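Not measured: the values here are computed from a predicted model. Chain letters run A, B, ... following the sequence lines, proteins first, then strands; residues in each count from 1.
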Number of protein chains: 2
Amino acid sequence: MNILDPNCPSRVVFQRVGDKWATLVIQVLEDGPLRFSDLRGKVAVVTPKVLTHTLRALERDGLLTRTVYAQVPPRVDYELTALGRTLLEPLKILRRWAESNVDQMQLAREAFDEAQDEAVLAGSASVGLAR
Amino acid sequence: MNILDPNCPSRVVFQRVGDKWATLVIQVLEDGPLRFSDLRGKVAVVTPKVLTHTLRALERDGLLTRTVYAQVPPRVDYELTALGRTLLEPLKILRRWAESNVDQMQLAREAFDEAQDEAVLAGSASVGLAR
DNA sequence: CAGGATCCCCTACGATACTG
DNA sequence: CAGTATCGTAGGGGATCCTG
């Protein structure tokens, strides 16, 4: 199976990782199960709809389990599966990369944007450079 | 800086990784520089607009360089920067995880979807279970 | 408490042209 | 060859309100 295949395994995984909330949820669940509102508390800004959606997707992928306790008020726990736990390490590696290199990325962005602006200014005066 | 901070480094990196084409481009560039049409060839299905967009973003992030050769017909090379190269390893780790675990994920999905369907069927006959 | 239902926006991605 | 311009769409993400 090739990387270029749209059904390539890495595609679906990269997609999950790119999901705005999924990785966050996974990492927050590292220390043990949490209920819905706990998750909302930890991830603060997410709306219930989106959180639900994220959790369903992760459950579908077998990365976490959803357990409903028959009580009032209702209580639902989310917990990483064994499979979900194995994803923690790769994610951490990526996070470490991010933490070590984000400054460099930020600088690159500023430099790029600045060069961009200059090109625009020069263009307005001298009828556009290549690009 | 916390994971929960929207400006958290890992966020922007995870987002890049989640980009449908970005990681693909990075991995394809591992073996050396390529020109625009080479990239299109390797990544077959992507439209020039989207590829351009992807490349610009990666260039902005300082992950690759864009070099224009003044010749006719035009020629533009894209090449990973040192920074871009350091991202290869974390990506590979993620890919390896994907390749080892995708089967399990696929099975989980099928099981989930099947359970879902059953619930729907049961619901149509017996007025909906919880969920 | 744990969500479902609704509405809405915006951006990623794509198809199809056209150009320096 | 290496793009840009234009148009169009699906769905990710959010705000707000409602319910078993």
Side-chain angles (χ1 to χ4, degrees), chain A residues 6 11-12 14-25 29 33-61 64-79 116 119-120 123 126-131, chain B residues 6 11-12 14-25 29 33-60 64-79 116 119-120 123 127-131:
Chain A
R11 290 279 185 101
V12 313
F14 287 161
Q15 213 171 310
R16 267 276 152 284
V17 172
D19 182 284
K20 190 169 179 185
W21 304 111
T23 56
L24 208 43
V25 167
L29 282 178
L34 289 175
R35 22 197 323 190
F36 192 83
S37 45
D38 290 338
L39 282 168
R40 282 209 68 189
K42 298 237 179 199
V43 188
V45 288
V46 69
T47 61
K49 189 191 88 175
V50 174
L51 182 56
T52 302
H53 189 83
T54 304
L55 290 168
R56 288 277 192 278
L58 291 173
E59 186 193 1
R60 187 169 105 101
D61 286 346
L64 55 77
T65 58
R66 176 175 181 274
T67 11
V68 184
Y69 295 93
Q71 61 185 48
V72 177
R75 164 186 180 161
V76 180
D77 274 15
Y78 293 91
E79 183 172 15
Q116 200 79 340
V120 171
S126 72
V127 190
L129 285 58
R131 170 143 283 241
Chain B
R11 291 277 186 103
V12 313
F14 286 161
Q15 215 170 309
R16 267 277 152 287
V17 172
D19 182 283
K20 189 170 179 183
W21 304 111
T23 55
L24 208 43
V25 167
L29 283 177
L34 288 175
R35 26 200 314 192
F36 192 83
S37 45
D38 290 337
L39 282 168
R40 282 209 71 189
K42 297 236 180 202
V43 188
V45 288
V46 69
T47 62
K49 188 190 89 175
V50 173
L51 181 57
T52 303
H53 188 82
T54 304
L55 290 168
R56 288 277 193 278
L58 291 174
E59 186 192 2
R60 187 169 105 99
L64 55 77
T65 58
R66 175 174 181 274
T67 12
V68 184
Y69 296 93
Q71 61 185 46
V72 176
R75 163 185 181 160
V76 180
D77 274 16
Y78 293 91
E79 184 171 16
Q116 200 78 339
V120 171
V127 190
L129 283 58
R131 170 141 284 238

Review point. Tell me: CG of Leu55(B) to P of dG3(D), nearest whole Å?
Key: 8 Å
Within the sub-3.5 Å range, which N or O atoms of nucleotides 11-15 of chain D have a protein N or O partner, and how far apart are they?
| residue | atom | partner | partner atom | Å |
| --- | --- | --- | --- | --- |
| dG13(D) | OP1 | Lys20(A) | N | 3.3 |
| dG13(D) | O6 | Lys49(A) | NZ | 3.4 |
| dG14(D) | OP1 | Lys20(A) | NZ | 2.8 |
| dG14(D) | OP2 | Trp21(A) | NE1 | 2.9 |
| dG14(D) | N7 | Lys49(A) | NZ | 3.2 |
| dG14(D) | O6 | Lys49(A) | NZ | 2.2 |

Study note, to complete from the structure: Closest non-hydrogen contact found for Thr47(B) with Arg40(B) is CA-NH2, 4.0 Å
Revision key, fill the gap. Here the distance between atom P of dA2(D) and atom CZ of Phe36(B), to the nearest Å, is 8 Å
Review point. In Å and rounded to the nearest 0.5 Å, what is the CZ to CZ distance from Arg56(A) to Arg66(A)?
Key: 4.5 Å
Review point. Side chains of Val76(B) and Tyr69(B): closer than 4.5 Å at any heavy-atom pair?
Key: no
Check your understanding: Is Ser37(B) near enough to dC1(D) that one of its side-chain N or O atoms lies under 4.0 angstrom from OP1 or OP2?
Key -> no
Review point. Does Leu55(A) reach the side chain of Phe36(A), with side-chain heavy atoms less than 4.5 Å apart?
Key: yes
Practice item. Send over the distance from Lys42(B) NZ to dA2(D) C1', rounded to a whole Å. Key: 19 Å
Check your understanding: Counting just side-chain N and O atoms, does Arg35(A) come under 4.0 Å of either OP1 or OP2 of dG3(C)?
Key -> no
Exercise for review: Kindly give the heavy-atom pair with the smallest separation between Lys42(A) and Leu34(A), and that separation in Å.
Suggested key: CE-CD1, 4.3 Å
Practice item. Verify side-chain contact (heavy atoms from CB on, under 4.5 Å) between Leu29(B) and Leu64(B), making sure each step is shown before the conclusion. Key: CA-CA 9 Å; Leu29(B) 283 177; Leu64(B) 55 77; 3.9 Å; yes
Exercise for review: Calculate, to the nearest 0.5 Å, the distance between atoms CZ and CG belonging to Arg16(A) and Asp61(A) respectively.
Suggested key: 4.5 Å
Review item, nucleotides 17-20 of chain D N/O atoms under 3.5 Å of protein N/O:
none

Review point. Of all heavy-atom pairs between Val17(A) and Phe14(B), which one has the smallest distance, and what is that distance?
Key: O-CB, 3.8 Å
**Study point:** Spacing of Arg40(A) atom CZ relative to dG3(C) atom C1', expressed in whole Å
**Key:** 10 Å
Review point. Any side-chain N or O of Arg56(A) less than 4.0 Å from the OP1 or OP2 oxygen of dG4(C)?
Key: yes
Practice item. To the nearest 0.5 angstrom, please state how far the CG atom of Leu24(A) sits from the CG atom of Asp19(A). Key: 10.0 Å
Point to revise | Short side-chain to backbone donor-acceptor contact, Thr54(A) and Ala22(A), under 3.5 Å | key: no
Point to revise | Nearest-Å distance for atom pair CG/P, residues Leu34(B) and dG3(D) | key: 13 Å
Exercise for review: Determine, step by step, whether Thr65(B) and Tyr78(B) satisfy the side-chain contact (heavy atoms from CB on, under 4.5 Å) criterion, reporting the C-alpha distance in whole Å, the side-chain angles of both residues, the deciding distance to 0.1 Å, and the verdict.
Suggested key: CA-CA 6 Å; Thr65(B) 58; Tyr78(B) 293 91; over 6 Å; no
Exercise for review: For Val46(B) and Leu51(B), work out which heavy atoms get closest and say how close.
Suggested key: CG2-N, 3.9 Å
Review point. Hey, what bend do you get for the helix from dC1(C)-dG20(D) to dG20(C)-dC1(D) if you fit axes on five pairs at each end, rounded to 10°?
Key: 50°
Check your understanding: So what does Tyr69(A) hit on the nucleic acid, given a heavy-atom distance under 4.0 Å: a base, only sugar-phosphate, or nothing?
Key -> nothing
Point to revise | Length of the line joining Glu59(A):CD and dA2(C):C1', which is rounded to integer Å | key: 14 Å
Review point. For Arg75(B) and dG3(D), is the shortest distance between a side-chain N/O and OP1 or OP2 below 4.0 Å?
Key: no
Practice item. Would you mind reading off the distance between Leu51(A) atom CG and dG3(C) atom P, rounded to a whole angstrom? Key: 8 Å
